[in-house]
2 protein chains.
Amino acid sequence: MPAEEPPVRPPTLSQVAARAGVSLKTASRALNGEPYVSGATEQRVRAAADELGYRLNGLARELRTGATSALVGLISGDLANPFYSAVASGVERELRRRGLLLVTVNNDENGELESSLVEALVERRVRALLVIPSGGGIVANSHNIPCVFIDRPPVGLVADSVLIDNAGGAHSAAEHLLARGHRRIALVADLVRTASQQARINGFSAAMRSAGNVDWEPYLRTDVHDAATAGDVVSELLALPEPPTALFTTNNRLTIGALRALRGRRFQPALVGFDDFELADVLGLTVISHDTTELGSMAARMAIERIGGYTGPPRTVVIPTTLIPRGSGER
Amino acid sequence: MPAEEPPVRPPTLSQVAARAGVSLKTASRALNGEPYVSGATEQRVRAAADELGYRLNGLARELRTGATSALVGLISGDLANPFYSAVASGVERELRRRGLLLVTVNNDENGELESSLVEALVERRVRALLVIPSGGGIVANSHNIPCVFIDRPPVGLVADSVLIDNAGGAHSAAEHLLARGHRRIALVADLVRTASQQARINGFSAAMRSAGNVDWEPYLRTDVHDAATAGDVVSELLALPEPPTALFTTNNRLTIGALRALRGRRFQPALVGFDDFELADVLGLTVISHDTTELGSMAARMAIERIGGYTGPPRTVVIPTTLIPRGSGER
DNA sequence: TTGAAAGCGCTAACAC
DNA sequence: GTGTTAGCGCTTTCAA
């Protein structure tokens, strides 16, 4: 049984100073590479710091220099979803270049939890907040800290946002299928309460309207939220007396569900999916692609500008989409 | 034109106290729900806090109460890689339950960068460090803070680690292919300098040795680090005068590269891949699967125990693997 | 029940 | 070049 360990505290700057035989401030100057320290003194201080295994206490520094941290918070859905992790990857890379650190938290697609996470991050004095809203709750940014919304604009307030060209992408998917002669086209969409899904549905139906096609309307399915349900929905659609000849799925999860349902079937309807993903090429899947990582990088850059003092009006950046034909949308 | 904005500092506890007409300490007690505060006083303090939009400054609290933060750092490769993001997802979920926050940083698979990131996190006084080592560098944990290694054990020191049963998984893949009569089996592996790859290669060759098979040896390819190269390597293998009849790829990236190379070919060798991934089922791919998210959760739990004061000897947990036959490994 | 004083580890401002 | 003093916003003594 080891004796009660005294809770070993890391060495402090004054301990380093004492050991080097200089004052606190001199030690500070030496380690921070400030001018007006003689070479010899600097050497001694550095040596003392090494011997003690001294590490700067960032908390204390940050408290002193302005009571804000070097942290930027990202609130999103589960990182296991490749969309969120791609965004996180872009964000992290951009932050790291500026010496900022990324704190990631999962909102579990739950608006209340999301609000409490905002509180927690604000208490930690994050320098900025990046949010992919759960869609349910509204993140009120009454905290006076820079906030950039990703993929979904905030409800009821104007703020910096980075969005995908949802309407445009869905529009081009619709046109692509129409141009190949499809009329009975099914639309399988996620929760309509999110603005991004809403825009995709709108873009799609606008294209149908322009083409004077109403045959698709019986095949609209919304609020399909996971891959398994998407698979069921697609199976049901194909079991109809007059099944659709083409499908458009409005995000990667739903597309994957559709692919599972289509697997091994004799009749393969045309399929276009919103969001590109790994292996879509191997599967010969036609997709509406966009640079998800760039979505994150852009948001991070906007946040960094705000941190840097930019005070212009809120901006909205729209990331374009591209249709990548790989076979499934051309049959 | 608004006048020069004074840099608005968030309200402090003493401002709240002043407004409520109580002392600093009383305000602190009231907001922290400590005993010995009269109900009326508490109400007044809470009201004052609300009116001012007061948020606790976690930096100051943490500095005062022990100079450590509520942060846990995770150092890994790019989150765009589903393996890392699955681990991160498991870690985050576990931390959040304990009120801890996850800071994720990307080591860019670069040992030197990794060391500097450790420094940065230690300076922020993270409570624990979770590391998926880049393989190149050695993370020396001379910092006296809890550290758990994930997927790859640290070189040259004993420490808490959570590993996948790499050797066992590779062994079962080899047996699976041998049992189906394959002899010329190609092994496409990633950087051998990482312990996990080393273990997979060892497990595979041990099984071959047991079976008395040496025919596979000309088909060993290592240090294949990305999907594109993996594709090239597979194409080369299949172009040999005596091509292998089966392939084993030692991680998801390489498997995906192999799939791309195999696409549209007449002759389809058997294929087993280490790591399961989304859509592997749709592709009919036989894999060595393991619970990647659990890898992260387990590591987080071990770190939390250390934070909680556990001082036992370092432990190593091995996460088991399962072979999931889906067709590609059975042809 | 409440308050005053001290101090966490550091840096800013000003002396020497 | 170097040291002294003060104070970031909070919690922890200890006294009232």
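Throughout, a chain's letter reflects where its sequence line sits, starting with A, and its residues are numbered from 1.
- Distance, A:Tyr36 OH to C:dA12 C1': 16 Å, rounded to whole Å.
- Between A:Glu62 and A:Arg125, none of the side-chain N atoms (NZ, or NE/NH1/NH2) sits under 4.0 Å from a carboxylate O, so this pair counts as no salt bridge.
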With sugar-phosphate taken as primed atoms, P, OP1 and OP2 and all else as base, the protein-contact string of nucleotides 10-16 of chain D at under 4.0 Å (heavy atoms; B, S, -) is BBB----
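- A sub-4.0 Å separation between OP1 or OP2 of D:dG3 and a side-chain N or O of A:Thr26 is present.
- Note: CZ (B:Arg9) to P (D:dC8) measures 8 Å, nearest angstrom.
- Between A:Arg301 and A:Glu294 there is a salt bridge, since at least one side-chain N of the basic residue sits less than 4.0 Å from a carboxylate O of the acidic one.
- Closest contact between the side chain of B:Leu63 and the listed nucleotides C:dT1, C:dC8, D:dT2 involves C:dC8.
- Side chains of A:Asn107 and A:Ser134: no donor on one and acceptor on the other come within 3.5 Å.
- One interatomic measurement links the two molecules: CD of B:Glu123 to C1' of C:dC10, which rounds to 12 Å at whole-angstrom precision.
- A:Arg97 is linked by a side-chain contact (heavy atoms from CB on, under 4.5 Å) to A:Glu94, counting only residues two or more places apart in sequence or in another chain.
- Residues satisfying the side-chain contact (heavy atoms from CB on, under 4.5 Å) criterion with A:Thr292, sequence neighbours excluded, are A:Phe83, A:Ala86, A:Val87, A:His290.
- Electrostatic pairing of A:Glu305 and A:Arg315 counts as a salt bridge here, judged by a charged N lying under 4.0 Å from a carboxylate O.
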